[in-house]
Amino acid sequence: MSKPSLARGTRDFGPEQMAKRTFIFDTIRRSFQRYGFLPLETPAFENLSVLMGKYGDEGDQLLFKLLNSGDFSGKLTDSDWHEGYKPLTSKISEKGLRYDLTVPFARYVVMNRGTLVMPFKRYQIQPVWRADRPQKGRYREFYQCDADVVGTDSLLCEAEIVLLLHEILPALGINDFTVKINNRKILTGIADMIGAHGMEGPLCVAIDKLDKIGKEKVVEELLERGFSNESLTQLGPVFTLSDGAEPFTALKNWLGSSEIAMKGIQELEEVWDLVTTLGLENPKIQFDVTLARGLSYYTGAIFEVKANNVQIGSISGGGRYDNLTGTFGVPGISGVGISLGVDRIYDVMEELNLFPENQKTATKVMISNFDQQAFRLGLSVLPKLRAAGINAEIYPDSVKLKKQLDYADRKNIPFVILIGSDEMETGQLTLKNMKTGEQQKLNAEEITALLAENNI
RNA sequence: GAGGUUGUAGCUCAGUCGGUUAGAGCGCUAGAUUGUGGUUCUAGAGGUCGCGGGUUCGAGACCCGUCUCCCUCCCCA
C-alpha cells in the first residue's frame, strides 16, 4: 500500500473552492450568453492528427499523448526503438488530451460546416491539459473559457471581445486590468521594414520581453538570433512606441511604406472606433507593439489581459486566426476568439480578496436529532423546509447535542431547530440563531415562513 | 526540455557538531452540568522524518539516485 498522491500539476477542489469557482464560471457563462454565444463541448481527447502541428514544435511537445490501448508494442521492430522517441511516439500513440479549446472548435466547425448558422458564435468551458512544468499560476490541468466567432471578418467581433472583457472582469470584482492589443500584420510589417522578412517569430520572442529585461538585453538577444546591426537600428521606434498617447500616428509615420502594416494599423483604429461607438466608457485597452502571442496561428488582432498589481501571468488571451480550419482542408473561414483562464482568475481574486462572502449553496438550517421520537418529528418538518426552497438537513444520529451544534457551527449553518420533549408536547419548536445565540419558540409553519423570507 | 530550491504529525514549523525514546503551536478525539456550538481546563490519539540505495558502531541530519513543491529560462491561461 502506498500513500495516495496527486499527479504533478493537478489539484483537488474542495467544497469552499468549488463555491468560488462556480461563481467565476457562472459569471463568465452569463456574459457569454448575453453576447449571443452558444454552448459547445468537445471530447477530452482527440486524434493526434487533429492536435499535432497546430501549436508549433513547443506545443507538440507539451501535448499529453495517450498510449494506444492493448498491445501497443507488439508490432514494433528493433529499428523502431533506435529511431528516437518522436517516430516511436507516432507508432504507439494516436490520441492526445486537448491542449486548448480553439483547435477542437475548428475541427468541429469543419465537420459541421454544412449545418452551422454562419457566422457561428460558440462558447466552451472545459479543462485542457499541458505537459508543462508547473509554477505559480501554471498547472498541467486547467480550465479555459473560450468564446469565438467564425465565418466573418468583421472587426465588430474584436470590439465585442473588448466589451465582453469589460463586462466579465468587473463583474468578478477585477477592476484594475489592462487589455493589451496588437496586430500580427503590424509585426509582419516591422519584420519587412527592417529587412528581416518572415522573421517576425524570433523578432517577437525577443521584443516581447522588453518590459521584463530591458532594451539592451533585447538587442543582445536579437543579435544572437541573427539580426543585423542595420536591422536593429531601424527597429528603434519599437522601443519608444508602446507608451505613447497617440501610438497610431507615430506608427503610421514609421511603417507608412509597408502595405501590410498599414492594414494592421487600420484594423486597430477601427476596433478602437467601434469600442467607442458601442458606448464603452474608459476602455482599459492599450496598444502594445511588443505583444506577440500565439504566432503559430494568429493573423490579425492579438489580445492579452493582465490583472494589474498582481504577480500572476495573463488571465486571458486571444486573437484572430484566418486559416485555422485551413489545416483541416477548409480554407477561407476566419475566426476570432478569446480565452479566459479560470485558474489564474481564481488566483488573482484570492490574492485581491475579491470573493463574495455568502455562499447560497450552503445549508441554511439544521434540525437536531435528540432522540428517536424527536427524530421522527424532525423528519416530518424537513421536507416542508425543502419544499419552501430552504436548504435544510437533519442530523442523522442521536448523539449529544453538543456534537450536533458543533457540526452546525463548523458547517456555518446559521439556524438550528431544536426538538426535544417540550417541543414534542407543545408543537412549538425551538429555533436557534447560531450567530447571536438567541432562541425562539415557533411552530413548523412559522419557522418555514420566517426562513423563507429571511433571505440571507 | 535546461538550471536552482524544498520535503519532519491533518496544518504551520522547530530539531544544535551525526548520538539514547523525534518536539511545539494550531487542529483532531474524549471528558469537565444526562437539552446547547464558539471561550476555558484536563486527558488522549496521531510519524516508515517524501521514496530507494549508500557512508557510519550509530543517519531526520552526510553522499548518490528518484519523486514532489516552489522559482528562473523556454513557452503559455
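In what follows, every chain begins at residue 1, and chains take the letters A, B, ... in the order their sequences are listed. Side-chain atoms are counted along with the backbone in the values below, which use heavy atoms only and exclude waters and symmetry mates.
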For rG58(B) versus rU66(B), give the span between their C1' atoms, rounded off to a whole number of Å. 26 Å
Between rU72(B) atom P and Lys136(A) atom NZ, what is the distance in whole Å? 10 Å
N or O in side chain of Arg130(A) less than 4.0 angstrom from rC76(B) OP1/OP2: no
Need one value for Gly318(A): base, sugar-phosphate or nothing, where a base atom within 4.0 Å counts as base even if backbone is also close, heavy atoms only. nothing
Might you work through the salt bridge (charged side-chain N to carboxylate O under 4.0 Å, His left out) test for Lys185(A) and Glu267(A), ending with a clear yes or no? CA-CA 9 Å; Lys185(A) 296 184 175 76; Glu267(A) 285 181 13; 3.0 Å; yes
Angle between ring planes, Phe32(A) versus Tyr123(A), binned at 30° and 60°: parallel, tilted or perpendicular? tilted
Send over the distance from Asn433(A) CG to rU36(B) C1', rounded to a whole Å. 14 Å
Could you tell me if Gln124(A) and Asp146(A) have a donor-acceptor pair between their side chains, going purely by distance under 3.5 Å? no
Rounded distance in Å - CZ (Arg140(A)) to C1' (rG1(B)): 12 Å
Answer yes or no: does a side-chain N or O of Lys403(A) lie under 4.0 Å from OP1 or OP2 of rA30(B)? yes
Sugar-phosphate only, base, or nothing, as touched by Ser5(A) at under 4.0 Å among non-hydrogen atoms: nothing
For Lys411(A), report the nucleic acid contact type (base, sugar-phosphate, nothing); a contact means any heavy atom under 4.0 Å. nothing
Measuring only the C1' atom in each nucleotide, how far is rU36(B) from rA24(B)? A whole number of Å is fine. 33 Å
Which whole number of Å gives the distance between the C1' atom of rC11(B) and that of rG47(B)? 15 Å
Short side-chain donor-acceptor distance under 3.5 Å, Ser398(A) and Asn369(A): yes
Quick one: label Asp422(A) by what it contacts on the DNA or RNA (base, sugar-phosphate, nothing), any heavy atom closer than 4.0 Å. base
Positive for side-chain contact (heavy atoms from CB on, under 4.5 Å) with Val336(A), one of Thr152(A), Ile161(A), Asp148(A), Leu155(A): Ile161(A)
Between atom CG in Leu63(A) and atom P in rC75(B), what is the gap in whole Å? 17 Å
Integer-rounded Å distance: rC76(B) C1' and Gln61(A) CD: 14 Å
Using atom C1' in both nucleotides, what's the gap between rU48(B) and rA9(B) to the nearest angstrom? 13 Å
Just compare rG1(B), rC76(B), rG35(B) and give me whichever is closest to any side-chain atom of Thr430(A). rG35(B)
Looking only at side-chain N and O atoms, does Lys402(A) come under 4.0 Å of OP1 or OP2 in rG31(B)? no
If I take atom CD in residue Glu221(A) and atom P in nucleotide rC75(B), what distance separates them, rounded to the nearest angstrom? 8 Å
Which is it for Asp100(A) and Lys54(A) under the salt bridge (charged side-chain N to carboxylate O under 4.0 Å, His left out) test, yes or no, and what are the steps along the way? CA-CA 10 Å; Asp100(A) 71 359; Lys54(A) 309 296 190 298; over 6 Å; no
Measure CG/Leu405(A) against P/rG35(B) and give the value in whole Å, please. 13 Å
Classify Gly56(A) by what it touches in the nucleic acid, base, sugar-phosphate, or nothing, heavy-atom distance under 4.0 Å. nothing
Check whether the side chain of Asp409(A) and the base of rG37(B) form a donor-acceptor pair under 3.5 Å. yes
Ring centres within less than 5.5 Å and planes less than 30° apart: is that true of Tyr407(A) and rG37(B) in this structure? no
For residues 345-356 of chain A, pull every pair meeting salt bridge (Lys or Arg N to Asp or Glu O under 4.0 Å), keeping only residues two or more places apart or in separate chains. Lys20(A)-Glu350(A)
Looking for any heavy atom pair under 4.0 Å, which part of the strands does Tyr139(A) touch: base, sugar-phosphate only, or nothing? base
What's Gly317(A) touching, base or sugar-phosphate or nothing? Going by heavy atoms closer than 4.0 Å. sugar-phosphate
How is Gly137(A) classified with respect to the nucleic acid when contacts are heavy atoms under 4.0 Å: base, sugar-phosphate, or nothing? base
Describe the nucleic acid contact of Arg8(A) in one word from base, sugar-phosphate, nothing, applying a heavy-atom distance below 4.0 Å. sugar-phosphate
Contact class for Asp406(A) (heavy atom, under 4.0 Å): base, sugar-phosphate, or nothing? sugar-phosphate
Would you kindly compare Ala7(A) and Leu340(A) by the position of their nearest RNA chain B nucleotide and give the one closer to the 5′ end? Ala7(A)
Under the side-chain hydrogen bond (donor to acceptor under 3.5 Å, both in side chains) rule, what pairs show up with a residue in residues 412-429 of chain A, not counting sequence neighbours? Glu423(A)-Thr430(A)
Hey, would you say the Phe355(A) and Tyr346(A) ring centroids sit under 6.0 Å apart? yes
Can you run through RNA chain B from 5' to 3' and write each base as (, ), [, ], | or . depending on how it pairs? Watson-Crick or G-U wobble, both distances under 3.5 Å. ((((..(..((((.....[...)))).(((((.......))))).....(((((..]....))))))..))))....
Can we call the ring centroids of Tyr143(A) and Phe25(A) under 6.0 Å apart? yes
Before giving the answer on salt bridge (charged side-chain N to carboxylate O under 4.0 Å, His left out), spell out for Glu393(A) and Lys411(A) the whole-Å C-alpha distance, their side-chain angles and the decisive distance to 0.1 Å. CA-CA 11 Å; Glu393(A) 62 183 296; Lys411(A) 266 189 87 168; 2.9 Å; yes
Spacing of Ile312(A) atom CD1 relative to rC70(B) atom C1', expressed in whole Å: 14 Å
Between rC64(B) and rC26(B) - C1' atom distance, rounded Å: 37 Å
Given RNA chain B, 5'-ward residue of the pair Arg138(A) and Leu418(A), judged by closest heavy atom: Leu418(A)
Does any donor-acceptor pair link the side chain of Glu423(A) with the base of rG35(B) at a separation under 3.5 Å? yes
Same-atom distance (P) from rU68(B) to rU8(B), integer angstrom: 16 Å
Counting heavy atoms from C-beta on, name the nucleotide in rC74(B), rA77(B), rC70(B) closest to the side chain of Gln135(A). rC74(B)
When you measure from the side-chain N and O atoms of Arg410(A) to the phosphate of rC28(B), is any distance below 4.0 Å, counting only OP1 and OP2? yes
Does Gln439(A) get its side chain close enough to the base of rU36(B), under 3.5 Å, for a donor-acceptor pair? yes
With a 4.0 Å cut-off on heavy atoms, is Ile315(A) in touch with a base, just the backbone sugar-phosphate, or nothing at all? sugar-phosphate
Would you kindly check whether a donor in the side chain of Lys432(A) faces an acceptor in the base of rU36(B), or vice versa, at under 3.5 angstrom? yes
